[in-house]
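Throughout, numbering of the chain's residues begins at 1 and tracks the sequence. In each ligand, atom 1 is the first atom listed, and ligand 1 is the first ligand listed.
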Amino acid sequence: MHFMTALRAAWQQRDSLLCVGLDPDPAKFPAHLQGRPDAILAFCTQIVDATADLVCCFKPQIAYFAAHRAEDQLEALIEHIHAAHPDTPVILDAKRGDIGSTAEQYAIEAFERFKADAITVNPYMGRDSVDPYLAWPDKGVILLCRTSNPGGSDLQFLEVDTPHGRMKLYEHVARTVADDWNASGNCALVVGATFPAEIARVRELVGDMPLLVPGIGAQGGDIAATLAAGRTANGSGLMINSSRAVLYAGKGEDFAQAARRVAQETRDAVNAFR
Ligand SMILES: O=c1ccn([C@@H]2O[C@H](COP(=O)(O)O)[C@@H](O)[C@H]2O)c(=O)[nH]1
């Protein structure tokens with residue numbers, strides 16, 4: 001199924017804009033999982049099963065698996081999500097960016113090996129570096145635009161001359177993706193919850209294009225301001241990510257229930273402003 005079709009269905013059927021980020025850090029796992037060779041898979045599977053009915057998508061971050069030589073556990077995790085929660089799209093957060101021939105391999109890795117429904121991509125190497133992902137029209141291509149970290153301003157906030165006049169670099173990215181790169185309707189943008197004014201500006205530039213919004217929870221982004229700035233006319237359009245605040249809500253054997261409680265509170269807090 002087309003990523004965007006699955007995402008829209010999940011927004012509606014689950015009544016949720018929440019994306020739970022899967023950033024497994026073994027040092028933060030509850031004691032009973034420590035030392036198990038499959039600890040990453042066991043931890044993430046329990047989080048997924050405890051929260052799937054509350055989310056519009058899951059977002060595993062590949063670095064947390066690769067750093068621990070656990071790519072096989074990432075494969076197994078995504079396979080589990082597709083089998084047990086088939087209507088829940090999976091975004092592989094990899095932030096890839098490279099020349100076209102290498103990007104082709106990254107796309108195969110994301111969509112064939114890991115069977116992700118969407119991938120995050122760094123657009124700052126230009127169109128030819130993104131084309132290999134756009135060539136998969138059913139897959140979501142989610143481009144970094146205005147990232148949530150403070151240093152995002154170092155480059156993304158620079159003023160540049162464009163065919164549409166002078167604007168900030170992130171605005172030019174938003175406009176370019178919306179006007180030129182989204183021919184198959186499979187593009188989305190990353191805009192941090194830590195910068196609501198820029199969420200509003202991006203929304204102005206891209207119409208109803210979905211936005212992946214990290215930065216609530218551990219990074220302190222404001223939910224009300226995020227919704228006011230980024231929701232579409234029908235009260236959706238956003239995948240609002242929370243990772244650490246959900247994953248590490250509890251430290252004991254009941255960690256998945258604790259994660260569910262925080263996920264539910266977060267979903268409800270988001271829904272209050274739709
Ligand atoms: O601008 C960005 C882009 C991606 N991320 C990723 O989102 C999560 C955020 O985790 P929290 O624990 O909820 O802070 C993480 O995987 C980042 O790599 C981002 O934070 N900002």
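Between the side chains of Ser184 and Asn186, not a single donor N or O lies within less than 3.5 Å of an accepting N or O.
Taking the centre and axis of the six-membered ring of Phe157, the NZ or CZ atom of Arg146 falls inside the cone set by 45° and 6.0 Å.
Between Gln219 and ligand 1, an N or O atom pair is found at a separation short of 3.5 Å.
Looking at Thr147 against ligand 1, both its backbone and its side chain come within 4.0 Å, counting heavy atoms. If you look at Thr120 next to ligand 1, there are no close heavy atoms at all, none under 4.0 Å.
When all heavy atoms are compared, the tightest approach of Ala188 to Pro210 is CB-O, 3.2 Å. Between Cys19 and Lys59, the shortest heavy-atom contact is SG-CB, 3.5 Å. Nearest heavy atom pair, residue Ile240 against residue Leu18, reads O-CD1, 3.4 Å.
Atoms of ligand 1 found under 4.0 Å from any heavy atom of Arg244 (numbered from 1 in listed order, with element): 11 (P), 12 (O), 13 (O), 14 (O). Per-residue contacts place Asp23 under 4.0 angstrom from the following atoms of ligand 1 (heavy atoms of the residue considered): 8 (C), 10 (O), 15 (C), 16 (O). For ligand 1, the atoms lying closer than 4.0 Å to a non-hydrogen atom of Gln61 are 16 (O), 18 (O). Interface of Pro214 with ligand 1, defined as ligand atoms under 4.0 Å from a residue heavy atom, comprises 1 (O), 2 (C), 3 (C), 4 (C), 5 (N), 7 (O), 19 (C), 20 (O), 21 (N).
For atom 18 (O) of ligand 1, the nearest non-hydrogen atom of the protein is Lys95 NZ, 3.4 Å. When hydrogens are left out, the protein atom nearest atom 21 (N) of ligand 1 is Ser148 OG, 2.6 Å; that is the closest non-hydrogen contact.
Under the 3.5 Å distance criterion, the side-chain polar atoms of Glu159 are left unmatched by any main-chain donor or acceptor of Arg166.
Of all the listed residues (Gly21, Ser243, Ala218, Ala94), Ser243 holds the heavy atom that lies closest to atom 13 (O) of ligand 1.
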| said: Between Asp23 and Lys28, is the salt bridge (Lys or Arg N to Asp or Glu O under 4.0 Å) condition met? List the steps. | reply: CA-CA 11 Å; Asp23 297 10; Lys28 294 183 181 159; over 6 Å; no
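The ring of Phe255 has its center no closer than 6.0 angstrom to the ring center of Tyr248.
Contact analysis puts Lys59 in contact with ligand 1, with a non-hydrogen atom separation below 4.0 angstrom.
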